[in-house]
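By convention in this document, chain letters (A, B, ...) are assigned in the order of the sequence lines, proteins followed by strands, and residues within each chain are numbered from 1. Just the heavy atoms: all of them, side chains too, but no hydrogens, waters or symmetry mates, feed the values below.
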2 protein chains.
Amino acid sequence: MRMSQGVEWALHTCLNLSWLDVPVPTSVLAAFYELPPAYLNKQLQALARAGILSSTSGPAGGFRLAREPEQVSLMDIVAAIEGPDELFRCDQILRQGPGKHAGVDYRDSCAFSQAMHRADLAWRSELAATSVAGIRANVERQHPKAPANTRERIAELRR
Amino acid sequence: MRMSQGVEWALHTCLNLSWLDVPVPTSVLAAFYELPPAYLNKQLQALARAGILSSTSGPAGGFRLAREPEQVSLMDIVAAIEGPDELFRCDQILRQGPGKHAGVDYRDSCAFSQAMHRADLAWRSELAATSVAGIRANVERQHPKAPANTRERIAELRR
DNA sequence: GGGTGAATACTCGGATATGGCCTGTCCGAGTTGACGCGG
DNA sequence: CCGCGTCAACTCGGACAGGCCATATCCGAGTATTCACCC
């Protein structure tokens, strides 16, 4: 149960985009970390569908953040890439055991399902409490030149 | 990123075993929930390797809990089936970006990696705080006849 | 010189192959209990 | 009747296929810019 590779790419790319207010094409964003452009594009499309990024076609087009960085949580990004499903999926095997009741939804009544759901919620809460803006502030405190360096490198890759 | 099917089987099987103090063969445990015996066996082997179950070969053999139910957390079971890896795997793409430093381990210094690690820890803590004994107490409170029903059904399947 | 039209280059977007892990199954090694035989 | 040795059945354990999702890629649809041509 490993998380998709694309999540890491999406996180860092969103941070970089938060330092740029003009659309940046996939090719440039991919070159920034030497990633496969076509595959990164797939991830960015998912972010766009989720309303995290907005896309522009044609020359001078690309992706940019659709909302303020404060309004983009890590949970949003993970959900956009990985989908909305919970980590634990209850298949209700209790329906096959003794003491089964036809009308019961064991996703609600099964004690294991409840416990796994609580853990899932703790994970999601932690992710939802962290925004791209928070990460950005953290990074800028430790590396004050990061925004300028990023903008410069993006400009170089554009040429 | 969905959790393996075997986790649900392992959880319920461990609970059932906590009500029985004699070895139960895979075939009986599988019939209890109408699961494929050979595949359930694979999961139980993983639990045995993790020290959660102990196995006995030959006639009257099978699996039983290796520790007291209080000493078996949901985290132990999940880790035994899914492996010890974290949900988020940091591939350190920052090594490919500008401002890279050769000797730096970005699994420690990257702010995203840290945040994802915190969320992972919250999830694991919640799972580690819940034991099979706790679930069992919960179930027995809501369904007092569950232990007797389970033992009876297991005895039937043995014949 | 200004406006208009087509051509062009650039970008996203979804449709299309490939590989690895989860799922599912099978057969062999080891062990225990049972049974029969001999004392 | 009791003890011992062989036998047989049962169980775990790891080795062996199949299917699905993550990975990786390509090409077509749409658009803004650019350029040339005409008025």
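Atom P of nucleotide C/dC10 and atom CZ of A/F63 are separated by 18 Å, given to the nearest angstrom.
With sequence neighbours left out, B/E140 forms a side chain to side chain donor-acceptor pair (under 3.5 Å) with B/W19. In terms of the ring pair (Phe, Tyr, Trp, His ring centres under 6.0 Å) criterion, residue partners of B/W9 (sequence neighbours excluded) are, by chain and number, B/Y39. Under the ring pair (Phe, Tyr, Trp, His ring centres under 6.0 Å) criterion, B/H12 pairs with A/F112, B/Y33, sequence neighbours left out. Residues that satisfy the side chain to side chain donor-acceptor pair (under 3.5 Å) test with A/R153, not counting sequence neighbours, are A/E156. Evaluation of the side chain to side chain donor-acceptor pair (under 3.5 Å) rule for B/R151 yields no partner, not counting sequence neighbours.
The shortest non-hydrogen separation linking B/L53 to B/C14 is CD2-SG, 4.3 Å. Shortest non-hydrogen contact noted between B/T26 and B/P37 is CG2-O, 3.3 Å.
Contact footprint of chain B on DNA chain D: nucleotides with an atom under 4.0 Å from a non-hydrogen protein atom, first to last in 5' to 3' order, D/dC10 to D/dA22.
At a threshold of 4.0 angstrom between heavy atoms, the contacts of B/P59 include nucleobase atoms, whether or not backbone atoms are also involved. Using a 4.0 Å heavy-atom cutoff across all strands shown, A/T56 reaches sugar-phosphate atoms only and no base atom.
The shortest side-chain heavy-atom distance between A/F63 and A/V28 does not fall under the 4.5 Å cut-off. Annotation: side chain of B/V78 is not in contact with side chain of A/F88 (no heavy-atom distance under 4.5 Å). Taking 4.5 Å as the limit, every side-chain heavy atom of A/L127 sits out of range of all side-chain heavy atoms of A/D76. Contact of the B/C90 side chain with the A/E8 side chain is registered, since non-hydrogen atoms from C-beta on lie closer than 4.5 Å. In this structure, the side chains of A/L87 and B/M1 come closer than 4.5 Å at one or more pairs of heavy atoms.
Annotation: proximity of residues 151-159 of chain B to DNA chain D (heavy atom, distance under 4.0 Å) is found for no residue. Taking a 4.0 Å limit (strictly below) on heavy-atom distances, residues 1-18 of chain A reaches DNA chain C at A/M1. Annotation: proximity of residues 29-45 of chain A to DNA chain C (heavy atom, distance under 4.0 Å) is found for A/N41, A/K42, A/Q45, numbered in ascending order.
Screening residues 117-132 of chain B for side chain to side chain donor-acceptor pair (under 3.5 Å) gives B/E86-B/H117, B/D120-B/R124 as the qualifying pairs, with residues at least two apart or on separate chains. Within the structure, the ring-ring contact (aromatic ring centres under 6.0 Å, His included) test picks out no pair touching residues 129-156 of chain B (sequence neighbours left out).
B/T13 and B/N16 share no side-chain donor-acceptor pair at under 3.5 Å.
Using five terminal pairs a side, the axes of the helix from C/dG1-D/dC39 to C/dG39-D/dC1 at its two ends make an angle of 10°, given in steps of 10 degrees.
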